[in-house]
Amino acid sequence: MKRNGEKVFKITAACVILLAVLGLSGCKKVVKYTSAGTAMGTFVYQTLYTEGEDVSALVEERVETLEQDTLSWRISGSEIAVINACAGNVEGIQLSEKLSENLAVLLEVSERSGGAFDITMQPVVKLWNIDAWAVLEDTEVILPEDAQIEEALKHTGYRALKLEGDTLFLPEGMQLDMGAAGKGIACDEIMALLKESEVTGAVVSVGGSVLTYGSRPDGADWQVAVVNPQDTTEYLGTLSLSGEWFVSTSGDYERYVEADGIRYHHILNPATGYPAESGVRGVTIVCDSGILSDALSTACFVLGVQDGMELAESYGAKALFADETGQIFMTENMKEIFKETGDK
Ligand code: AMP
Ligand code: MG
């Protein structure tokens, strides 16, 4: 009897301890959700590990709202479209707090990149009709004339912008294009959304910008592949990332057209108005801000390996450059996380 009583006591005690442990850990099951959707005119891929609901639809919605309400100059009524419509207003244009913060970051990248990054390139971007490249046959593409580019360039140049607090002075004839930073800004917003949710780990990509968040249930690092610009069906290698990071890539293979045997891509040199010819074919930036990773990848593409490396280092960002000869160049801090395909 005594022995039985002892046994019952031991079993009961074990159950209490087990329940306490489960109670402390919340006893919530982590579920994995994967999805592929579109927003901001690009693909949004998500892998979410969560103790709560699947928030992937919310993520897509947030990105699309950002595009519609704020970033797109093509959507009338968006904040950028309204700003562009008010160019020349001598009293300046009142911006939302968020947009003025983002513009301040971008103007600093413009300054520190010596103008390689320039959000006032819209008149030239529009002239090249980059948006239509995805839907037109190469033979249907009409390239701009030199004289048209020269004319459009007269209405560009970030130095003519003035941002005083949240008031922007945009001179007559000038227009903003957030295309080179929009996907990174979207990743910043997604990160904020994930932090408010019960998601415990995630990898989300919006076009060429990716974020990693939290951890995988097995504790392993996130792996983000870097595309080989010479053969986009292959990877140059993978980045091993733990926790919160933003990764952006700018490549000449992302959007381009071919006319008379010449390939024209979508990253323009603000000094010439033509696709940048810096000898670089792809740049990947890793840092702790989405907007910066995206803006820096574009800036570094235009600057080329040497100057681009200096710019990235000045921001403490990790950078990888793939040049037209197939060589890879990396900042020291990038070498710590990049594993080349084929390396053990
Ligand atoms: P990304 O793919 O992030 O490098 O951004 C390229 C897009 O940004 C283009 O499709 C243009 O809309 C715009 N853009 C092109 N060249 C520049 C530049 N030098 N500075 C800022 N925006 C640019
Ligand atoms: Mg960019």
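What you are looking at is a predicted structure, and each value in this text was computed from that prediction instead of being measured. Atoms within a ligand are numbered from 1 in the order they appear, just like the ligands themselves.
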**Study point:** Donor + acceptor pair across side chains of Ser78, Ser72 (<3.5 Å)
**Key:** no

Exercise for review: Quick one: sort the Tyr264 and Trp128 rings into parallel, tilted or perpendicular, breaks at 30° and 60°.
Suggested key: tilted

Review point. Hey, looking at atom 18 (C) of ligand 1, which of Leu106, Asp252, Leu268, Asn269 has the closest heavy atom?
Key: Leu268

Practice item. Can you sort out which atoms of ligand 1 are near Ser250, meaning under 4.0 Å from one of its heavy atoms? Key: 1 (P), 3 (O), 4 (O)

Check your understanding: Is the closest heavy atom of Gly208 to ligand 1 under 4.0 Å?
Key -> no

Practice item. Starting from atom 9 (C) of ligand 1, locate the nearest protein heavy atom and write down its residue, its atom name and how far away it is, to 0.1 Å. Key: His266 O, 3.4 Å

Check your understanding: Relative to atom 22 (N) of ligand 1, which among Ala180, Gly273, Gly251 owns the nearest non-hydrogen atom?
Key -> Ala180

Review point. Are any of the N or O atoms of Ser297 closer than 3.5 Å to those of ligand 1?
Key: no

**Study point:** Contact flag Thr298/the Mg ion (ligand 2), N/O/S atoms, threshold under 2.8 Å
**Key:** yes

**Study point:** 4.0 Å heavy-atom contact, Ala116 with ligand 1
**Key:** yes

Point to revise | Presence of N, O or S from Lys183 under 2.8 Å of the Mg ion (ligand 2) | key: no

**Study point:** Gln68 atom CD, over 12 foreign heavy atoms within 6.0 Å
**Key:** yes

Practice item. Give the name of the N/O/S atom in Asp294 that lies closest to the Mg ion (ligand 2). Key: OD1

Review point. Does Lys183 have a non-hydrogen atom less than 4.0 Å from ligand 1?
Key: no

